[in-house]
Amino acid sequence: EALVRYWYDIATARGVVSPTIAHTYEWLIAHVPHCDGRPSLVHGDFGFHNMLVAEDRVSAVLDCEASYLGDPAADLCNFLFSTQGAVERDDLLRFYAQAGGVPIDAERLAYFDLFNAFKITIGSIAPLHLLNERNDAPLSFAVLGLQYPHFSIARIRDLLRRADAAQNAAGPPAHGSIIERFDAAH
């Protein structure tokens, strides 16, 4: 929950809180999943882009400044995202389980897929706002802001639908899903 608030605070400070970001924040806060196991060291941006490989083995993991103790599902979902197009998600999840990875249910996967989309969207948009606010901001901020164009509002809405479906497998909540409320408001 603290990490969701951290990213929402960044969005608020940078003025990038759209209705979708606000609804996603609301959903994430209301549906923080229970992790059955003990907390793990979570990298925070785990993927091939932060690994060095030598002789067919990972020799180093880079960019660890965002590490924290938390749910290992967060890193698994980051890794799944980094392998999109290279390997099928179900195949990678099966390999993860066969290699001894801790069991992670569909609800937690859906939650952290959505959380990562939320985080990456804020992390991509915020540098553009800094570039606009500061004359001395490096032009590389524009590259950061345009790096993840596929994390559109439509992507977040799709992940919200999936997360709602995973959360509500036993039946719809009495108050209606976040998507139903979003659609009614827009």
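Just so we're clear, the structure is a prediction, and the values are computed from it rather than from any experiment.
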Would you tabulate the side-chain donor-acceptor contacts of residues 50-60 under 3.5 Å, counting partners in other chains and residues two or more places apart, or write 'none'?
| residue | atom | partner | partner atom | Å |
| --- | --- | --- | --- | --- |
| N50 | ND2 | D45 | O | 2.8 |
| N50 | ND2 | D45 | OD2 | 3.2 |
| S59 | OG | L52 | O | 3.2 |

How many angstroms lie between [atom1] in [X] and [atom2] in [Y], if you round to the nearest 0.5 Å?
X    : Y    : atom1 : atom2 : result
F81  : R89  : CZ    : CZ    : 11.5 Å
W7   : L28  : CH2   : CG    : 13.0 Å
L69  : L41  : CG    : CG    : 6.5 Å
R162 : L160 : CZ    : CG    : 11.5 Å

(request) Please report the shortest heavy-atom distance between F112 and P33, naming the atom on each side. (result)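 Shortest heavy-atom contact: CE1-CG, 4.0 Å.
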
Flag yes if [X] and [Y] sit in one hydrophobic cluster, no otherwise; membership is Ile, Leu, Val, Met, Phe, Trp, Tyr, and two members link when side-chain heavy atoms are under 4.5 Å apart.
X    : Y    : value
I120 : L76  : no
I156 : I10  : yes
V32  : I104 : no

(message) For R5, give me all partners under side chain to side chain donor-acceptor pair (under 3.5 Å), at least two apart in sequence or on another chain.
(response)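 Result, side chain to side chain donor-acceptor pair (under 3.5 Å) vs R5: E1, Y25.
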
(request) Inspect the contact between D164 and R157 and indicate whether a charged nitrogen and a carboxylate oxygen are less than 4.0 angstrom apart. (result)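 Looking at R157 and D164, the cut-off is not met.
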
Flag, side chain of [X] to backbone of [Y], donor-acceptor distance under 3.5 Å:
X    : Y    : value
H43  : L62  : yes
K119 : G44  : yes
Y111 : A163 : no
S18  : I21  : yes

If we only count heavy atoms from C-beta on, is the [X] to [Y] side-chain gap below 4.5 Å?
X    : Y    : value
L109 : D105 : no
V4   : F118 : yes
F115 : L3   : yes
L92  : F79  : yes
L80  : L93  : yes
V61  : F46  : yes
N116 : L159 : no

(request) Please identify each residue that fulfils side-chain contact (heavy atoms from CB on, under 4.5 Å) with A30, with sequence neighbours left out. (result)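 Result, side-chain contact (heavy atoms from CB on, under 4.5 Å) vs A30: none returned.
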
(request) Could you list the residues that satisfy side-chain contact (heavy atoms from CB on, under 4.5 Å) with S40, not counting sequence neighbours? (result)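 Residues passing side-chain contact (heavy atoms from CB on, under 4.5 Å) with S40: P72.
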
Would you mind writing out the side-chain donor-acceptor pairs for residues 94-102 within the sub-3.5 Å range, not counting sequence neighbours?
| residue | atom | partner | partner atom | Å |
| --- | --- | --- | --- | --- |
| R94 | NH2 | D91 | OD1 | 2.4 |
| Y96 | OH | V102 | N | 3.3 |
| Y96 | OH | V102 | O | 3.2 |

(request) Begin from the C-alpha positions of T24 and Y8 and carry the test side chain to side chain contact (heavy atoms under 4.5 Å, CB included) through to its verdict. (result) CA-CA 10 Å; T24 304; Y8 191 74; over 6 Å; no

(request) Mind jotting down which residue pairs meet the side chain to side chain donor-acceptor pair (under 3.5 Å) criterion with at least one end in residues 64-73? Sequence neighbours excluded, please. (result)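 Found D71-R108.
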
